[in-house]
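Heads up: the structure comes next, in structure tokens.
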Amino acid sequence: MLHPATLLLTWLVLTAGLQWLPVSWLIGLTMIVIVAALVMAVERTLNLLRRSRWLLLSLAVLYLFATPGEYLPGILGDIGLTYEGVQLGGEQVSRLLAMLASLAILHQMIGTQGLLAGLHCLLKHFPLRETTVVRLMLVLDYAEQKQKIRWQEWLSPNLRGEGSLTDGLSLAMPRFHWCDAVMALLLFGIFVAMIVGP
């Protein structure tokens, strides 16, 4: 199996690629990804969508009612909905749904430890890598245990309340293989091609 960093990088490139997809392809891909996520990672997918419901709703309302254009006929146009708003709102919500569903699949495949190991590897040259990964590890640890903690406690320098911040935490680091290097080069080429365009 590929290194978690390679899989995380694949997800990042795929989600970036969603920006360039035509609307019909985007909606079709979103439906496929959501169905796959509900088959492969139903609990994670539903939890992620439930926690993102206000973001999805805000995004939809913002585009539906704040996008200028030609008004829809009838009562929908009377309340301010435009063709352009419906199209742009549908595009943005579809992109976010595809990102969330594919993230749930990735999380199911490599687990929390895999996500953290991949992030640790990708942030190799960033000065706050250790702090960022440890903080995220603690947040995910508490989230999976479903403990209720106030947001101020996430910012506390000693989240666990006693001992070192990293007490009881460990992170297994898988080794990179030649296939990971090949995949990373391929992904880099795809990303450059998306930016440069036709």
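- Here the shortest heavy-atom pairing between E84 and G69 reads OE1-CA, 3.1 Å.
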(Q) Between L97 and L49, is the side-chain contact (heavy atoms from CB on, under 4.5 Å) condition met? List the steps. (A) CA-CA 8 Å; L97 285 172; L49 293 178; 3.7 Å; yes

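- Here the straight-line distance linking atom CG of L12 with atom CG of L7 works out to 11.0 Å at 0.5 Å rounding.
- To the nearest 0.5 Å, atom CD1 of residue I34 and atom OG of residue S94 are 7.5 Å apart.
- Within the structure, ring-ring contact (aromatic ring centres under 6.0 Å, His included) pairs that include any residue of residues 60-80 do not occur (at least two apart or interchain).
- Looking at heavy atoms from C-beta onward, V13 lies in side-chain contact with M194 at the 4.5 angstrom threshold.
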* Start with the C-alpha gap between L116 and T112, add the side-chain angles, then the distance that decides, and say whether side-chain contact (heavy atoms from CB on, under 4.5 Å) holds. => CA-CA 6 Å; L116 294 169; T112 300; 4.0 Å; yes

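- Judged by distance alone, the side chain of Q92 and the main-chain N or O of A60 form no donor-acceptor pair under 3.5 Å.
- With hydrophobic clusters built from ILVMFWY side chains whose heavy atoms lie under 4.5 angstrom apart, W54 shares a cluster with V61.
- With rounding to the nearest 0.5 Å, the separation of CG in L64 from CG in L57 is 9.5 Å.
- For the atom pair H107 NE2 and T45 OG1, the distance stands at 11.0 Å (nearest 0.5 Å).
- Under the 4.5 Å side-chain heavy-atom criterion for Ile, Leu, Val, Met, Phe, Trp and Tyr, L55 and L48 are members of the same hydrophobic cluster.
- Separating the CG atom in L96 from the CG atom in L56 is a distance of 4.5 Å, to the nearest 0.5 Å.
- Residues T6 and L187 come closest through the heavy atom pair O-CD1, 4.0 Å.
- Nearest heavy atoms, H3 versus P174: NE2-O, 3.1 Å.
- Between P68 and T82, the closest side-chain pair of non-hydrogen atoms is not below 4.5 Å.
- L18 approaches M99 most closely through the heavy-atom pair CD1-CG, 3.8 Å.
- Taking hydrophobic clusters as Ile, Leu, Val, Met, Phe, Trp and Tyr residues chained together by side-chain heavy-atom distances below 4.5 Å, L46 shares a cluster with M40.
- No donor-acceptor pair under 3.5 Å is formed between the side chain of N47 and the backbone N or O of R44.
- Nearest heavy atoms, L103 versus W11: N-NE1, 3.4 Å.
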Using atom types as modelled, flag every donor-acceptor pair under 3.5 Å from a side chain in residues 19-26 to any protein atom, sequence neighbours excluded.
none

Derivation of the side-chain contact (heavy atoms from CB on, under 4.5 Å) call for V93 and T30
CA-CA 10 Å; V93 169; T30 300; over 6 Å; no

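- When all heavy atoms of P4 and I110 are compared, the closest pair comes out as CB-CD1, 4.2 Å.
- Counting heavy-atom neighbours within 6.0 Å of F188 CZ, excluding the residue itself, gives a total of 12 or less.
- With values rounded to the nearest 0.5 angstrom, L29 atom CG is found 11.0 Å from I27 atom CD1.
- For Q87, the side-chain hydrogen bond (donor to acceptor under 3.5 Å, both in side chains) test picks out E91, with sequence neighbours left out.
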